[in-house]
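A quick write-up on the structure given underneath.
Just so you know, ligand 1 is whichever comes first in the structure, and atom 1 is the first atom listed for that ligand. In what follows, every heavy atom counts, from backbone to side chain, and hydrogens, waters and symmetry copies are set aside. None of these values were measured; they are calculated from a predicted model.
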Amino acid sequence: MLLHSSPVDSFRLAGREIYVKRDDLLHHEFSGNKARKLKYFLAHDFPAIDTLISYGGTQSNLMYSLSALAKLKHWQFIYYTNQPSQMALTQSSGNLAEALANGMELKTVPNTLTDFVNQLTITENQLFVPQGGADEFAAYGVRELAAEIRAWAQSVNLAELAIYLPSGTGVTALYLQHFLPEYVVYTTNCVGSAEYLVKQWNQLDASLKRPIILENSSYRFATPHTKLWQTIQFIQYESNILFDLVYDPVGWEILLIHLDSILTPILYLHCGGLLGNSSMSQRYNYTLANSN
Ligand SMILES: *Cc1c(COP(=O)(O)O)cnc(C)c1O
């Protein structure tokens with residue numbers, strides 16, 4: 001099971017070399033970025049735990065990776081969500097279908113998910129992983145990722161480096177900047193506003209140096225857009241690499257806008273998430289068919 005030491009590829013873009021850290025090539029069950037975030041749980045034993053509990057949307061990459069973790073550890077996995085769409089439930093591939101196949105128990109909550117989860121009592125045999133995996137456990141795997149990036153940059157003699165990735169919770173970007181103080185980490189906000197991202201960082205650890213935000217003020221999370229489709233098709237054609245359809249189209253679109261202002265070599269962190277592409281491409285097909 002490849003859970004670390006992902007390779008770095010490169011391709012030519014606008015007359016320069018762009019490097020891509022291929023975390024998508026980590027073991028598919030731990031889906032890129034989430035392999036890093038869950039590394040702590042994989043690397044340690046939890047003899048008192050027999051049940052994993054989490055919550056969130058049913059398209060979630062983390063949900064799927066947690067189901068793989070629970071299966072590997074022989075834990076029961078309970079996942080709370082609001083009513084999933086009929087379309088999501090009938091899909092035979094994608095995060096939800098694969099998570100259910102791994103034995104996940106989906107529990108539908110009628111009221112606000114966070115209110116419900118806040119009043120849950122977590123017992124000693126249960127491990128609770130918050131939505132997005134936004135907690136200090138993630139630092140463990142991101143530190144390992146940082147060490148790989150440093151070793152690679154030194155091996156190809158890059159003294160300066162801009163590392164870029166699209167953010168959800170921003171946990172990966174923040175810890176990456178923390179563990180790689182000699183380089184600059186850039187990111188863009190895919191889930192909420194740039195202010196939301198800063199708020200997340202302050203909650204996590206306000207004392208840490210922050211990545212630079214290349215602000216996305218145009219694209220809403222997981223919402224198909226013709227321009228984004230064109231951009232990701234272009235990047236996939238130029239790079240010969242398949243990217244995810246939720247984070248990466250926004251990631252690349254925003255990076256392209258700022259490409260000329262970043263003068264150092266750029267390493268794009270491919271965070272995986274390709275399992276979610278089947279449901280996202282259905283939505284893209286619908287959007288593209290109904291636009292002109
Ligand atoms: C989770 C995820 C991200 C964002 O990671 P955060 O640490 O939440 O910012 C980016 N890309 C993919 C494919 C992901 O699954």
Side-chain angles (χ1 to χ4, degrees), residues 6 20-40 54 56-69 94-96 98-99 129-146 163-179 185-194 196-201 203-205 208 210-214 216 219 221-222 228 232 235-236 241-255 267-281:
S6 64
V20 181
K21 173 77 169 161
R22 300 292 305 273
D23 267 11
D24 58 309
L25 298 180
L26 296 174
H27 192 266
H28 72 274
E29 286 193 339
F30 294 96
S31 188
N33 173 274
K34 304 308 179 282
R36 303 292 185 178
K37 284 188 156 174
L38 297 180
K39 189 62 195 282
Y40 178 86
S54 190
T58 52
Q59 309 270 11
S60 162
N61 292 334
L62 183 71
M63 174 194 72
Y64 170 69
S65 292
L66 286 172
S67 76
L69 173 70
N95 285 321
L96 180 58
E98 304 286 341
V129 176
Q131 192 171 27
D135 57 35
E136 62 279 12
F137 293 116
Y140 183 91
V142 178
R143 170 185 285 174
E144 198 170 71
L145 169 62
I163 301 156
Y164 176 80
L165 74 152
S167 274
T169 60
V171 171
T172 310
L174 185 69
Y175 285 141
L176 211 48
Q177 181 64 87
H178 175 61
F179 292 124
V185 174
Y186 292 85
T187 191
T188 191
N189 52 298
C190 293
V191 169
S193 62
Y196 158 83
L197 204 52
V198 172
K199 215 174 113 193
Q200 293 280 110
W201 289 340
Q203 269 173 19
L204 203 61
D205 190 340
L208 300 185
R210 289 175 190 164
I212 295 175
I213 302 176
L214 306 177
N216 159 35
Y219 304 106
F221 186 60
L228 295 179
I232 202 65
I235 293 295
Q236 290 185 154
I241 298 171
L242 199 62
F243 286 92
D244 107 287
L245 290 174
V246 172
Y247 293 92
D248 288 325
V250 178
W252 280 108
E253 177 62 24
I254 301 295
L255 180 60
L267 177 71
Y268 188 102
L269 181 59
H270 191 325
C271 292
L274 299 179
L275 197 60
N277 276 13
S278 56
S279 50
M280 217 26 214
S281 57

Which of the ligand 1 atoms, numbered from 1, are nearer than 4.0 Å to a heavy atom of Ser167: 9 (O)

Enumerated ligand 1 atoms positioned under 4.0 Å from heavy atoms of Pro166: 4 (C), 10 (C)

In terms of atom number and element, which parts of ligand 1 are under 4.0 angstrom from non-hydrogen atoms of Thr169? 6 (P), 7 (O), 8 (O), 9 (O)

Arg143 atom CZ, over 12 foreign heavy atoms within 6.0 Å: no

Nitrogen or oxygen of Gly273 less than 3.5 angstrom from that of ligand 1: no

Flag Gly168 as yes when one of its N or O atoms lies below 3.5 Å from any N or O atom of ligand 1, and as no otherwise. yes

With a 4.0 Å cut-off on heavy atoms, is Gly32 in contact with ligand 1? no

Is the closest N or O pair between Lys37 and ligand 1 shorter than 3.5 Å? yes

Any Ala173 heavy atom less than 4.0 Å to ligand 1: no

Using modelled atom types and a 3.5 Å cut-off, is there a donor and acceptor pairing between side-chain atoms of Asn189 and backbone atoms of Gly192? yes

Can a donor-acceptor pair be found, under 3.5 Å and without considering hydrogens, that links the side chain of Tyr164 to the backbone of Gly251? yes

Would one find an N or O of Tyr247, backbone or side chain, under 3.5 Å from an N or O of ligand 1? no

Ignoring hydrogens and geometry, is there a side-chain-to-backbone donor-acceptor pair from Gln177 to Pro211 under 3.5 Å? no

Contact atoms of ligand 1, heavy-atom distance to Thr172 under 4.0 Å: 5 (O), 6 (P), 7 (O)

In ligand 1, the atoms that come under 4.0 Å of a heavy atom of Gly272 are 13 (C)

Just by distance, do the side chain of Ser54 and the backbone of Val129 share a donor-acceptor pair under 3.5 Å? yes

Ligand 1 contact on Asn33 by region, counting heavy-atom pairs under 4.0 Å: side chain

Residue Asn61 vicinity, atoms of ligand 1 by number, heavy atom under 4.0 Å: 13 (C), 14 (C), 15 (O)

Quick check against the 3.5 Å criterion: does Ser65 have a side-chain atom that pairs as donor or acceptor with the backbone of Leu62? no

Which class fits the ring pair Phe243 and Trp252: parallel under 30°, tilted 30 to 60°, perpendicular over 60°? perpendicular

Would you kindly specify which portion of Cys190 sits under 4.0 Å from ligand 1, judged on non-hydrogen atoms: side chain, backbone, both or neither? neither

So, Asn95 and Asn61: side-chain donor and acceptor under 3.5 Å apart, yes or no? yes

Qualifying residue, where the test is side-chain hydrogen bond (donor to acceptor under 3.5 Å, both in side chains) with Asn33 and the options are Thr172, Asp23, Asp24: Thr172

